[in-house]
Student: 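Got a structure for you, questions after.
Both backbone and side-chain heavy atoms feed into the values below; hydrogens, waters and symmetry mates do not.
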Amino acid sequence: MNPLVHWFHRLGSPPVFDRFAQRWSPWCYALAAVLFGFGLWQALFVVPADYQQGDSFRILYIHVPSAWMSLFVFALMALYSAIALIWRVKLCEILAMACAPIGAAFTVITLMTGSIWGKPMWGAWWDWDPRLTTELILLFLYLGVIGLYRVIDDHRNASRAAGLLSIVGVALLPVIRYSVVWWNSLHQGQSIRLLGESAIDASMLLPLWLMVAGTKFWFAGSLLARARADNLRREAGKDWLARRLEGNA
């Protein structure tokens, strides 16, 4: 067996995953804190004000990474759910359900910062703009996944029902992504590109990429911590957990 495949296979074991999550979650949080600290310092004190929007543009350093994460986390949740449904991988069920609250939090931050940014730009806290409306629908999908998982008593059945909703809901992601292209929208079009030249000044990009990297590490740490907690709840009463608790006593 390929060593990488063998490692992933072993990681599916509850005790192995517990040790892995316990070890690496704090490191992810620490890296996120460093990246956030440096990124925010650059965004607030180094980058010059925008020539049109003034200092209000600085909220993009929270808004844009959160918006990207709201889509990324939902796509990852749907992927984990598909793997769990097709190959019956218990760990993927746990990871998929751990994604939902984190993704919902990023979506709330996206909507809040978008409203704060929109007030001076559009003159209103909220407008039923295609991008804003579809992002709100994404929040409802996250809440639907969370609700389904919690309302069904059996963890496996709850994960499967919620996972199916996430797989169906992934069709919304390209609609959110291209809503500013397909419909007449107040929301500005794509100005930041991973490949090619971005529309914003190059001096403004460094703190943005730092914040983007920070959100990725924060998500990884949160995912491991939440998945570990769910894994421990499901494994309550198992011999390996009893032995570990006795060893830590």
Student: Answer yes or no: is there a side-chain heavy-atom contact under 4.5 Å between F219 and F72?
Tutor: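 They are in side-chain contact.
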
Student: Could you report the tightest heavy-atom contact between L139 and A104, atom names first, then the distance?
Tutor: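 Reported closest heavy-atom pair: CD1-O, 3.9 Å.
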
Student: Fit a plane to each ring of W24 and W27, take the angle between them on a 0 to 90° scale, and name the class: parallel (under 30°), tilted (30 to 60°) or perpendicular (over 60°).
Tutor: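 Aromatic pair W24/W27 classed tilted.
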
Student: Taking all non-hydrogen atoms of both residues, which atom of L165 and which atom of G144 are closest, and how far apart?
Tutor: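 L165 and G144 have their closest heavy atoms at CD2-C, 3.6 Å.
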
Student: Ring centroid separation for F106 and W218, is it under 6.0 angstrom?
Tutor: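 Between F106 and W218, the centre distance is under 6.0 Å.
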
Student: Contact between F38 and P207 at the side-chain level, heavy atoms closer than 4.5 Å - yes or no?
Tutor: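 Heavy-atom side-chain distance check fails, nothing below 4.5 Å.
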
Student: Side chains of M69 and K216: does their closest heavy-atom pair fall under 4.5 Å?
Tutor: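 SC-SC contact between M69 and K216 confirmed.
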
Student: Would you find a donor on one side and an acceptor on the other, under 3.5 Å apart, between the side chain of T215 and the backbone of V212?
Tutor: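 Yes: the side chain of T215 pairs with the backbone of V212.
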
Student: CG/L76 to CG/L95 distance, rounded to the nearest 0.5 angstrom?
Tutor: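 One gets 8.0 Å once the value is rounded to the nearest 0.5 Å.
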
Student: Taking the side chain as every heavy atom from C-beta outward, state whether Y61 and M204 have any pair of such atoms under 4.5 Å apart.
Tutor: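 Touching, per the 4.5 Å side-chain cut-off.
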
Student: So does L224 get a backbone contact from the side chain of S25, meaning a donor-acceptor N/O pair under 3.5 Å?
Tutor: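 Looks like no, no N/O pair under 3.5 Å.
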
Student: What do you reckon, is CZ of R150 surrounded by more than 12 foreign heavy atoms closer than 6.0 Å?
Tutor: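 For R150, atom CZ is not crowded (no more than 12 foreign heavy atoms under 6.0 Å).
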
Student: Quick one: closest heavy-atom pair of M97 and S81, and the distance?
Tutor: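 In this case the closest contact between M97 and S81 is CE-OG, 4.3 Å.
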
Student: Can you tell whether the side chains of R234 and D230 come within less than 4.0 Å, N to carboxylate O?
Tutor: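 Yes.
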
Student: Do L205 and F45 belong to the same hydrophobic cluster, where Ile, Leu, Val, Met, Phe, Trp and Tyr are linked whenever their side-chain heavy atoms lie under 4.5 Å apart, directly or via other members?
Tutor: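 In one cluster: no.
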
Student: Which pair of non-hydrogen atoms, one from T113 and one from I109, has the smallest distance, and what is that distance?
Tutor: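 Nearest heavy atoms, T113 then I109: OG1-O, 2.7 Å.
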
Student: Check this for me: D153, atom CG, are more than 12 non-hydrogen atoms of other residues, nucleotides or ligands nearer than 6.0 Å?
Tutor: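 12 or below, so no.
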
Student: Specify the closest pair of heavy atoms between L111 and L132, including all atoms of both residues, with the distance to one decimal.
Tutor: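 That would be CD2-O, 4.0 Å.
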
Student: Do E235 and K238 meet the salt-bridge criterion of a basic N to acidic O distance under 4.0 Å?
Tutor: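 Yes, this pair counts.
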
Student: What orientation do Y142 and F74 show, parallel under 30°, tilted 30 to 60°, or perpendicular over 60°?
Tutor: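 Taking F74 first and then Y142, their aromatic rings stand perpendicular (interplane angle over 60°).
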
Student: Determine whether R228 and F20 make a side-chain contact, defined as any pair of heavy atoms from C-beta on separated by less than 4.5 Å.
Tutor: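 The answer is no; the side chains never approach within 4.5 Å.
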
Student: When you measure from the side chain of R58 to the backbone of A43, do you find a donor-acceptor pair of N or O atoms at a distance under 3.5 Å?
Tutor: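 At least one qualifying donor-acceptor pair exists.
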
